[in-house]
Structure formats: C-alpha cells, structure tokens
*Asks:* 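Just passing along the structure, written as structure tokens.
Computed over heavy atoms, backbone and side chain alike; hydrogens, waters and symmetry mates excluded. By convention in this document, chain letters (A, B, ...) are assigned in the order of the sequence lines, proteins followed by strands, and residues within each chain are numbered from 1. In this text, all values refer to a predicted model and were calculated from it rather than measured experimentally.
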Amino acid sequence: MRNTDEYPISTTEEREAVVATAGAAPEEDWVIVTRGLKREYDMGGEVVRALRGVDLAIRRNEYVAIMGPSGSGKSTLMNLIGCLDTPNDGEYWLNGQLVSAMSDDQLARVRNKEIGFVFQTFNLLPRATALHNVELPLVYAGVPGEERRRRAEEALERVQLGARMLHKPNELSGGQRQRVAIARALVNRPSILLADEPTGNLDSTTSEEIMKVFEELADQGQTVIMVTHEPDIAAHARRVIVLRDGVIASDDKRSAFTQKVGL
Amino acid sequence: MTMRHTDVVASALEQIRANKLRSFFTLLGIIVSVTFLVAVVAIIQGMNAYVRENLASAVIGSNAFQVRRFPIQVGLIDDEIFRRYARRPKITPSDARAVRAAIPDAQAVSLQSGWPTPTSDVVWREREQDDIPVFGVTADYQVVQDYKFSGGRPLSDLDVREKRPVAIVGADVADKLFEGVDPVGKDMRIGGSLFTVVGVVAKKGRVLGQSFDAFVMIPITQFEMMYGRRSTNTISVKMREAKDVAGAMQRAEEAMRIAHRLRPSQENDFSVETADALIAFWEQLTKVLFSVIPAVVAIGVVVGGIVIMNIMLMAVTERTREIGIRKAVGATARDIQKQFLAESIALAAMGGMIGVAVGWLFAMGIAAISPLPARVTLWSILLAVGLGAGVGVLFGVYPASRAAKLDPITALRAE
C-alpha cells in the first residue's frame, strides 16, 4: 500500500470554508458539497432521524470511504449522494448543481450523467450480456446504437473484460460481475463512482482485485466514493469518513485512519 | 436526453422473446377472439360477394327482373303479411302475355314453374338418376338464364304450344345418366312419362355447393299436365341493357295491375323484383350476424386484455429489482412507463396479428374443404390489429404506471 500523503486531499480548513456559506454554489473543484443534510423516516408513527445534519465536502479526484456501524446513517447518506433519495432539510450540491431541490425526473437525469453505481450484489440484468448491461446507462441517455456499443466496449476493455463481453452474468465469476458493474458505472463518464459495499459478496482475493481496479481509477482521476463497514476495505481509500448516529464522527487521511483502527 | 423509440420497442420485443411460452398463453384470448373475428367476417363477406356475383344472376339472370306472386324476402316476414301474400292470385300464362305485350323491347319474357321445384326419378334404359329437379318453362326462360347448349337445341315456342314431350337436360344429368353417350334424340322417362331429349345445357358450375347442372327442363305446358299449375309460377323479363330494367319494371307493374283489374286504391297483388332484392334479402340475414360478432369479439378481447394486465402486473413484481437497476442508471419514470406500455402494446398487437394470420388460414381452410367461399377483408384485419393495440394501451397503462412509480431504493432491495 502506497503512502497516501502523496495524493492531493482536501484539508479540514478548506472543507470547512466550503461548507460554511449556506446557499452558495461551491467552486467547480468541489464535486460534492452538503450543508446540514437531514433525513428522517416515519416508521409507523415513530420518527427515525437517520441523518441529523451532515456537512460534507469532497473535491474532484478524491478517493473517499464512508464507514460506520449499521444504523449510523451511511446507507441513507449513500442514497442521498446517489440521488436515489431527497433530504428533508439541507443542501446537496453535486458537480455545481443543487440536487436537493430537484424533481424525480431531474434526479434520474443526474443519476444517468453524474453518478456511476457499483452495488454489493452487482445488480446486473441477468438475461442481458455484459455488453448490454454496460450499455444500459447509454440507452437511457439516448445514445445511438453504434456509439453506445463502442463506448461500452471501451469501458469493458478498461476493466480487462474485453474477452467476455458477450457472456451473461451467470457465466461470469463474482469478480468479473463486479467488474462489469464497474464498467457500467464508468461508461457515461460520471462525476463520481459511488460504490456500496463493493466487496461484500466477494472473497478476499477477489476483493483485493476489485480494490486494485478502484485504485487505478482513482489514479486516472476518477472521483470514487465507497461505502463500507469493513475497516480493511475502507483503508484502501485515501480519505475515510466515519459516521455515527447520523453525523460525521471523524474525517481522516488514510494514514491517520489506519493508525486509529490499528491496521 | 431520453430513451430512443427504437430502444423502447427493441426492449419490449426482447422481453416478449425471453418469455415466449408465457407470452403465447398471455395472448391466447386475443388470438382466439381475433381469429374468430377475421374468419367469420371473411366467410360472411365471401358469401355476400358470392351471392352478389354468382348466385343472384344465376337465380334471376342478368339485366333481368321477375314478376312473382311472393316477394323474395318471404323468409323474414310475419304470419299476418304471409297470409296476405297467400291471398294473392297465381301468376298465369295470360299475365305473362300481358307483360310481354307491355314490354315489346324485352329480349325475353318467360314463365317458369316456381318454388318448390318437384323432383323426379329420371330413367334411361337400365340407368336411373333419383330426385332430379324438374322445371317447367317457356322457351324464353333459356334466354333469360343465358343457357348455352353443348349439344342439340333449346326448347322452342312450338314445343311449348304443342305440349310436346321433349326435354333439355343439365350437364350433370347428361354426364351421369347418359355416360359416354350423346343424349340428344334419346328417350328417357321422367316420373314414368316418356320424353325425348332435344338439348344438353352446358355446364354452369356450383354455387354454394348447389349444383346448377342437375336438372331436366320441359315445356311448361307439359309440366302443368304432370304436376298441375304451381302456385308459384314466376314471370322473368330480360332486357338487353341494364339501363332499361327500371322502366320495364314499371311497365310490367302497370300491365299486371290492368291484367289483375286492380283499382287505384288497391295495392299490388304481385311483386316485381330484380336480383337486388335477393342480395338485399341475403344482406339482411348477414347483418344480424354482423351485429352479433362485435359483442362476441368484445367479450373475448376484454378477457384477453385482463389476462394481459395480470401478466404485466406480475412482470412488474417479478422485475422490481430490474426496474430499480434501470432507475439507478438513469431511467426516468416516463422511460419505465414507456417500456412497460410498449411491452403490453407489442404483446396485444402481436396477438392481433397472430389472430389475423390464424383467422385467415382458418377461413381459407374452410373455403377449401367446404362450399363456403371466404374473402378476407382489409377492414377486418385493420380492426383486429387496431383492437389488439388498443387493448394493449388500455390494459397496459395501469401496470406501466405501477412500474414507473416504484421507488428506486425499495426496488433495488427487492429479491
């Protein structure tokens, strides 16, 4: 594992400065800025406050892990960052757009353009080939067939699956499936790659393999946000945010994080 | 930035293809209804066309009309009117002469025995044909019917006036009774009486399975000696040109009123009709059928539509996770709705098309093995496919909007 301190990571002061001015559009460099993000659920009359005001700033090309025990609100935060859900209160700026005020249709467009999802359970269409799975975001972007195919092939080459493009998910190993999912996430050149427990269904060797892919993507300039509850997976990121009870409990460089958890 | 239409259609067809068997059973209701629609309409239309083009002129003759005791629509009238018809006098030879005198420009004016036509055994040497219809006609009837003779000569006015025991025979009788022998000049027995065959009528063919070639025709004077005067004798008038028919009908009507001594206040005690009356009568019959078909088809199609809706709802449940994935990668609610709607429309339209094909084959099959003709009409095909697509829209909207409304987070968590 390389020393993280050679990577450009936003400093605490910089983040605090960005988060401080409510309502102001952040500078272009900041891919994600949330200010006082809150999300509550009504569970049969009882209000569950999943997020109690999250201030988060992520700069372009950062590789961030979001950690926390179950119930800490990390899934809720990931749904909000992924534009699958909207907050009850607070601002969310994604790539210069105020996402927290958007309609469902606008959110769908943002998901299509700005976000590449990688899920724990891969979430590939079982009956479609790897190529077709990767094409899917481009289908909804209205990209014509020829170009779609070319770009999907490129994305699959990028994750070293050029030879297995016409295989269906059940003909691929877990690691290969996850790489198809990564190719799908990357195909529309999103602002952020958002991974939810990407190694949760993989053995440790394959997990390392997938982490290497993430590492390379981050090296190539891709912003990566990874939600996980495993400290040794989180330790692959260059910045680790720990959530507890709906608020950010710590936000460290990798070196500081590994020291803390004793890795 | 939305989904392209070609992709919407492609994904719908892909889904149908992936579930071939289920899709087929889903469509069964639509297929059966549409098959029924297309086949029945084809057969009825075929019969209509046949009546119009073949039967009407075969029965009444072209450019011709009839003066009858009973109108052609006799089958669809109530008892009261029937009794009134029954009081009408018979049509007599003197009526025929009056009509003849009133229409000097007629090509032919004939008197012939009417329905029901008696049948008789016809015997030549040791051979016998049973139940051959026997017609009594005047010579002009052969002109009205455009008979061509493949041998011998037609019946003549002299034959009729002299009550000669002579006959002409249809092609079937000639072929079967006189197999391999020229019938002209041979003596045969019709119901025991001896007749000399003077002519053979060329083959006319079959209409609705009814041969028009199995008959013997004798002078009406001879006929009335054997069977008595029929209560249904009919006068046929043939004009040279179609445009003369209407005027001639009027003159025939006047002549008949004078002959029957009707006062101006009295209504006709006879009917003057063209082949149109026969066609109209027939179409009145089929109209009843045409009013029943839509009801039957509508029931089938509604049931078929409900099946499609059920299957689509099931598909939404089954594919919840897939919908979640699609939404996560950027499908809008509209995209999802379009995809599911396209699927149900494609399903239903496909059912319509299969139904058209099967109905077509069915109609052709029936036409091939039975005397019923079939004519597949464009409007029934368009109606069937349109109906299918309409059902797809109507019963696809609800499942599609259910799919569109799914929350992506919940959908992604679905098993």
*Asks:* So A:Phe117 and B:Val329, do their side chains get closer than 4.5 Å, heavy atoms only?
*Replies:*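 B:Val329 vs A:Phe117: side chains apart.
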*Asks:* Would you indicate whether A:Glu147, at its atom CD, is surrounded by more than 12 heavy atoms from other residues, nucleotides or ligands within a distance under 6.0 Å?
*Replies:*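 Counting neighbours around CD of A:Glu147, more than 12 heavy atoms of other residues, nucleotides or ligands fall under 6.0 Å, so yes.
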*Asks:* Testing the basics here: between A:Gly142 and B:Arg4, what is the closest heavy-atom pair and its distance to 0.1 Å?
*Replies:*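 Nearest heavy atoms, A:Gly142 then B:Arg4: O-CD, 3.4 Å.
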*Asks:* Examine whether an atom of A:Asn123 lies under 4.5 Å from a heavy atom of chain B, and if so say whether it belongs to the side chain, the backbone or both; otherwise answer neither.
*Replies:*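 A:Asn123 touches chain B through backbone and side-chain heavy atoms alike.
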*Asks:* Determine whether more than 12 heavy atoms belonging to other residues, nucleotides or ligands lie under 6.0 Å from atom OH of A:Tyr92.
*Replies:*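 Enclosed.
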*Asks:* Other residues, nucleotides and ligands only: do more than 12 of their heavy atoms fall within 6.0 Å of CG on A:Asp85?
*Replies:*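 Atom CG in A:Asp85 is crowded, with more than 12 foreign heavy atoms closer than 6.0 Å.
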*Asks:* Please flag which part of A:Leu124 lies under 4.5 Å from any non-hydrogen atom of chain B: side chain, backbone, both or neither.
*Replies:*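 For A:Leu124, the backbone is the part near chain B, not the side chain.
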*Asks:* Can you confirm whether A:Glu146 is buried at CD, in the sense that more than 12 heavy atoms of other residues, nucleotides or ligands lie under 6.0 Å from that atom?
*Replies:*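 Incorrect, the count does not exceed 12.
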*Asks:* Check whether any side-chain heavy atom of A:Thr121 lies under 4.5 Å from a side-chain heavy atom of B:Arg321, and answer yes or no.
*Replies:*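 In contact.
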*Asks:* How close do B:Thr332 and A:Ala108 get, counting heavy atoms only, and between which atoms?
*Replies:*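 Smallest interatomic distance, heavy atoms only, reads CG2-CB, 3.6 Å.
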*Asks:* Could you state the interatomic distance from CG (A:Leu125) to CD (B:Glu14), rounded to the nearest 0.5 Å?
*Replies:*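 These two atoms lie 10.5 Å from each other.
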*Asks:* Do you know the tightest heavy-atom contact between A:Arg111 and B:Lys327?
*Replies:*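 Between these two residues, the closest heavy atoms are NE-O, 2.7 Å.
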*Asks:* Using a strict cut-off of less than 4.0 Å between a Lys/Arg side-chain nitrogen and an Asp/Glu carboxylate oxygen, indicate whether A:Arg148 and B:Asp7 qualify as a salt bridge.
*Replies:*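 Looking at B:Asp7 together with A:Arg148, the answer is yes, because their closest N to O distance falls below 4.0 Å.
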*Asks:* Rounded to the nearest 0.5 Å, what separation is found between the CG atom of A:Leu84 and the CG atom of B:Asp407?
*Replies:*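 Interatomic distance, A:Leu84 CG to B:Asp407 CG, rounded to 0.5 Å: 8.0 Å.
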*Asks:* Identify the heavy atoms of B:Gly330 and A:Asn112 that sit nearest to each other, and give their distance.
*Replies:*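 In terms of heavy atoms, the two residues are closest at CA-CB, 3.5 Å.
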*Asks:* Which distance, rounded to the nearest 0.5 Å, do you find between the CG of A:Leu80 and the CD1 of B:Ile409?
*Replies:*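 With rounding to 0.5 Å, CG (A:Leu80) is 7.5 Å from CD1 (B:Ile409).
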*Asks:* Among the options A:Pro144, A:Pro190, A:Gly82, pick out the one with the most heavy-atom pairs lying under 4.5 Å from chain B.
*Replies:*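 Top count of heavy-atom pairs under 4.5 Å with chain B: A:Pro144.
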*Asks:* Out of B:Arg326, B:Arg334, B:Glu322, which one racks up the most heavy-atom pairs below 4.5 Å with chain A?
*Replies:*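 Highest number of pairs under 4.5 Å: B:Arg326.
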*Asks:* Looking at B:Ala331 and A:Tyr140, what are the two nearest heavy atoms and their distance?
*Replies:*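 Smallest heavy-atom distance, with atoms named: CB-CE2, 3.4 Å.
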*Asks:* Answer whether the closest heavy-atom distance between the side chains of B:Ile325 and A:Arg184 falls below 4.5 Å.
*Replies:*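 Result yes, sub-4.5 Å side-chain heavy-atom pair found.
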*Asks:* What pair of heavy atoms forms the shortest contact from A:Asp105 to B:Ala333, and how long is it?
*Replies:*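 In terms of heavy atoms, the two residues are closest at OD1-N, 3.9 Å.
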